[in-house]
Amino acid sequence: WSWYLLVSPRMVGLSMDFSVLLEPLGFVKILEWVFAIFVFATCGGFQGETTLLVSCEGVVNKTVTAAFAYPFRLNTVEFSAPDPKGCAGTWTDVHLMGDFSSSAQFFVALAALVFLYCIAALVVYVGYNHVYQQNSKFPLTDLSISALIAFLCLVSTCAWAKALADIKVSTGASIIPEIESCKVPGTTCHFVSVTRMGILNVSVVFGLLNVALWGGNVWLVYKDTKLHNQWNRISESP
């Protein structure tokens, strides 16, 4: 509906009113727009690596690394070989475990869509607020979309939080017992480090804040609909 307004200014009349941004409905939409940026910036821009210390025949204390990043298809990430000959042929291709791309991409893609929707909604609030208030269909449409986004934000954040917990396991010290090359006699592996994932923890926090914001947004939009007005009339009638 917002795009229809954008392409048909002659039919509805553009009337800029920035004061709506100071009202709860407009201010919350700005916060949602900002938090959507933080969500896909903190998750989509992450890059890290996990490092092991390997000692094997002919090689002593050689570090091997596996670099991983969004969208976290860890099963495609391979550790570097300890030496060009692969520890006398005992070191085979070693990959991290797990593919968490579906949860990560769902989380980031939803944030991008929310970002675009917030821009469209703000254009309507600022430029066509008089039409928004006079036509009951627009608040109802806004209510439906806001409720859907609130639900999807909850689902995507929960899915991403679970995936993040699994990513920490799949890149931590627990991976060593799963590496067959480290079980070869004469070969020892020690976990060294993994990139801190505090920024990914922050992305989950922003995801939860988005859920709270969109939940509040649903209530604010609901008050502008005829459903709320009808309920008030029913509750006030004797």
Point-to-point distance, once rounded to the nearest 0.5 Å, from [atom1] of [X] to [atom2] of [Y]:
X	Y	atom1	atom2	value
K29	L122	NZ	CG	7.5 Å
W160	C43	CH2	SG	4.0 Å
I199	Q47	CD1	CD	13.0 Å
E32	F115	CD	CZ	13.5 Å
C158	L208	SG	CG	7.5 Å

[Y] backbone acceptor or donor facing [X] side chain under 3.5 Å:
X	Y	value
S203	L200	yes
K62	S55	no
S174	V169	yes
S103	A163	no
S146	N217	no
T42	V39	yes
S80	T65	yes

Under the side chain to side chain contact (heavy atoms under 4.5 Å, CB included) rule, collect the residues that match up with [X], sequence neighbours excluded.
X	answer
V192	T51, L53
T76	R73
F106	L152, V155, S156

Is the shortest heavy-atom distance from the side chain of [X] to the side chain of [Y] under 4.5 Å?
X	Y	result
F100	D166	yes
F35	V205	no
V221	L25	yes
L143	V218	yes
H95	N75	no
L154	W214	no

Looking at [X] and [Y], what are the two nearest heavy atoms and their distance?
X	Y	value
V54	C189	CG2-SG, 4.0 Å
C182	I176	CB-O, 4.3 Å
T171	M197	OG1-CE, 3.2 Å
A112	F40	N-CD2, 3.9 Å
L213	V28	O-CG1, 4.0 Å
L110	C153	CD2-N, 3.6 Å

From CA spacing to verdict: side-chain contact (heavy atoms from CB on, under 4.5 Å), L52, T63: CA-CA 6 Å; L52 304 180; T63 58; over 6 Å; no
Could you please spell out the steps behind the side-chain contact (heavy atoms from CB on, under 4.5 Å) verdict for N201 and K168? CA-CA 11 Å; N201 294 333; K168 292 179 179 179; 2.8 Å; yes
Ring geometry between F38 and F206 (parallel below 30°, tilted from 30 to 60°, perpendicular above 60°): tilted
Parallel, tilted or perpendicular, as decided by the 30° and 60° cut-offs, for the rings of F68 and F72: tilted
V202-V108 co-clustered via ILVMFWY side chain contacts under 4.5 Å: yes
Would the number of heavy atoms belonging to other residues, nucleotides or ligands and lying under 6.0 Å from NZ of K162 be above 12? no
Y125/D142 under side chain to side chain donor-acceptor pair (under 3.5 Å): CA gap, chis, key distance, verdict: CA-CA 11 Å; Y125 292 167; D142 195 13; 2.5 Å; yes
